[in-house]
Amino acid sequence: MIATRVEATAKLTGRATFAADHRPEGVLHAVLVGAPVAAGTLRGVDADAARALPGVTAVLTAADLPDFPRLDMPAAVLTLPFTDDRIPHEGWPVAIVLGESIEAAEAARAVVRVDCAAEPPVLLGSGERTPAMGEDAVVFTKGDVDAARAQAAVRVEQTYVQAARHHNTMETSGTVARWDGDRLTLWDAVQAGSTVIPVVSKAFGIDAANVRVVSPHTGGGFGGKGYIWPHEVLAAAAARVAGRPVKLHLRRADQFSAVGYQPWMEQTIRLAADAEGRLLGVEHAAVNNAGLVETHVEPATEASKSLYASPAIRLRLEIERVSLNVPTPMRAPVEGPGLWALESAMNELADEAGIDPLDLRLANFAEVSPADGRPWSSNRLREAYAEGARRYGWRNRHQRPRQDGHWRIGHGMATCSMGSFRFPGAARVHLGADGSAVVESNVHDIGSGAQTVLAQIAAEELGVPLDRVAVRWGDTDLPRTGPTYGSSTTMGTGSAVASAARDVGKQLADLGIEADAMAAAGVDEIVGEGTYELPDGAMFNGDGEGTPYAMRTWGVIFVEVGVDPDFGILRLRRAVGVYSAGRIVNALTARAQMIGAIVWGWGKATMEESDQEPVHGRWLAKNLSNVAVPVNADIPADIDVSFVEEFDEAASLIGARGIGELGATGVDAAVAAAVHDAVGVRVREVPILPWKVLAG
Ligand code: MOS
């Protein structure tokens, strides 16, 4: 089915409300004052001049704020600001200015003097490396990779680097907090409102039942609003101290250090194969940067555990601690970084072995899960390869002209893959006697079309027209469902909606009436409840754990890239992506998700980079003018996205797995391969900036 966004008109006409659009009576505006140095100790905050400015009501420092306990996940920062004098990174909050207007608060922020004993910051690439989890860096091992290397006919051993990059959502993160006695309401820009409650209730030692989180439209997430960040707690703390509601909407500059980003990563892949390219051993070692105190592990090695058949696999994960804020998942997490390395190495292996990269993938197709031998719930990757190659003209690619004017033309491909992140879901569906329906679930729509898809599922199950279905979302008073991340929403909450709609149908059947006979039978409304549960009541399931099946999503990306040999500039000329991800509920929103993901992947491959300034240790860019991301002129019209026909009944009631992040995987490796195909230069560090092409 194809349906346009149910929220499109509200967004296009400016009527859609976001967290910061809420202005409770008496609201104060808060601005964070960050540490001016990246490392050291806070000696004092002089806010006298700031407090004297008109419209400034308070400048809060540690002495004014509660003693916060150490928090638990899903808080991204477990040791909150204002609990320690140590400065872990530049921008670490050391004061909160409160003003009657945002202008007054901003003006005051500029004159707060922060006194620090500065120390040299720890820079990316020079921090201490430790195992990411437990005592040992080895997180998975199967077979004997060393023996495999010894007997291999072809070997690849290379290191691949990716720059840190920020989410840069259009709507910055922000929270409006209001206390009514012991009850706290947060209007919050989030991807998982339900998970804010345990974090905030622990921070203040209050009953979870006293916290409500309202999250209307969310202006982009990409993972940046997935976990709970300090400003959400600090907004509530400031509101409690001030005795008035407080709005703490992060400034664009604060967005670089007060929330997360995708970590800098260095990954080494060792592949050993026989003369036909069949893998004998895969070794994958990944390092991601973390904060000095706070930890984020990017388990990029999952890619090598799950994608190709190999008798021997060894995976190592480490973190490197540096003077930066803690990173967080970012579209596409886990396999996004992992496939940059693995798929680049596979393309190099293909060249070493003299095998077409597509044939190399086919020769190593995993009939069952390489990790544990479980069968796949559903896997149509081979069909995706075939369809993608047909649409792209892959087999005949080099019969086309290799040059277009001064542009050298190259072709590259990569496999795409993600785990199948599943979370429990719940929904309620109301069917009225007038034929209208309402879906209720505390889901969020970060721009992916979630509301549209949920309305569609209810409409289909109930047999009512789509325009008679309303969706109520983004409020913790509604049924608690899974988060809007991990490409999990349609599968989990969608199944719960389908189940709630079927409950309505069952109640109608029990009454012995059809939906259109409700009024005549004196029934005003029927309310159905539905859930989506995981094996053993688990709260998370990444790979079909607890089921007889391994669950993942797959696809293939082919790209044609033009390279300017004089300037090293790259142009995306066309792309073909074909995906195996279960049933596609809405062909229009799904296609938009994957086009967006390929554009996102092009940005990662060729543009996006957040650098740590090498003297001061802070982020170099702190506004969007210094952030290169693809714009319309960078993207060709010829992006061809399709899905293989599939229904995965093991993954969800509605046959769907997940799609959003899948399309962002593999693009970087395909682009690097195309650059090599065009000009013979192998770049192993993204973004592939012009100087790297010229240096090769
Ligand atoms: Mo995505 S990083 O799971 O929002």
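The model shown is predicted, which means the values in this text are computed figures rather than measured ones. Heavy atoms only: backbone and side chains are in, while hydrogens, waters and symmetry mates are out. Remember, it's 1-based here, ligands and their atoms both numbered in the order they're listed.
- Close approach of ligand 1 to Met330 is summarised as follows: ligand atoms under 4.0 Å from at least one heavy atom of the residue are 2 (S).
- The single protein non-hydrogen atom nearest to atom 3 (O) of ligand 1 is Gly486 N, 2.5 Å, given as residue, atom name and distance.
- The line from CZ of Phe256 to NE2 of His166 is 6.0 Å long, rounded to the nearest 0.5 Å.
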Side chain to side chain donor-acceptor pair (under 3.5 Å) evaluation trace for Asn442 with Ser194: CA-CA 8 Å; Asn442 183 29; Ser194 306; 2.9 Å; yes
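- Distance from atom 1 (Mo) of ligand 1 to its nearest protein heavy atom, with residue and atom name: Glu661 OE2, 2.3 Å.
- When only modelled atom types and interatomic distance are considered, Arg70 and Thr79 share a side-chain donor-acceptor pair under 3.5 Å.
- Listed by atom number, the atoms of ligand 1 under 4.0 Å from Arg331 heavy atoms are 2 (S).
- Comparing Gly223, Ala192, Ala664 by heavy-atom distance to atom 4 (O) of ligand 1, the nearest is Gly223.
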Verdict with reasoning, Ser323 to Arg618, per side chain to side chain donor-acceptor pair (under 3.5 Å): CA-CA 8 Å; Ser323 300; Arg618 52 158 267 188; over 6 Å; no
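- Atoms of ligand 1 found under 4.0 Å from any heavy atom of Pro329, numbered from 1 in the order shown, are 2 (S).
- Each of the following atoms of ligand 1 lies closer than 4.0 Å to a heavy atom of Tyr485: 1 (Mo), 3 (O), 4 (O).
- Those atoms of ligand 1 with a heavy atom of Pro333 less than 4.0 angstrom away are 2 (S).
- By the 3.5 Å distance cut-off applied to N or O atoms, Gln191 is counted among the residues near ligand 1.
- In Phe421, neither the side chain nor the backbone holds a heavy atom less than 4.0 Å from any atom of ligand 1.
- Within the cation-pi definition used here (under 6.0 Å to the ring centroid, within 45° of the axis), Arg552 does not qualify as a partner of Trp376.
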Asp445 vs His217, side chain to side chain contact (heavy atoms under 4.5 Å, CB included): CA-CA, chis, key distance, verdict: CA-CA 6 Å; Asp445 195 326; His217 294 280; 5.6 Å; no
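- Considering Gln267, Glu302, Lys305, Arg316 in turn, Gln267 is the only one that fulfils the side chain to side chain donor-acceptor pair (under 3.5 Å) rule with His284.
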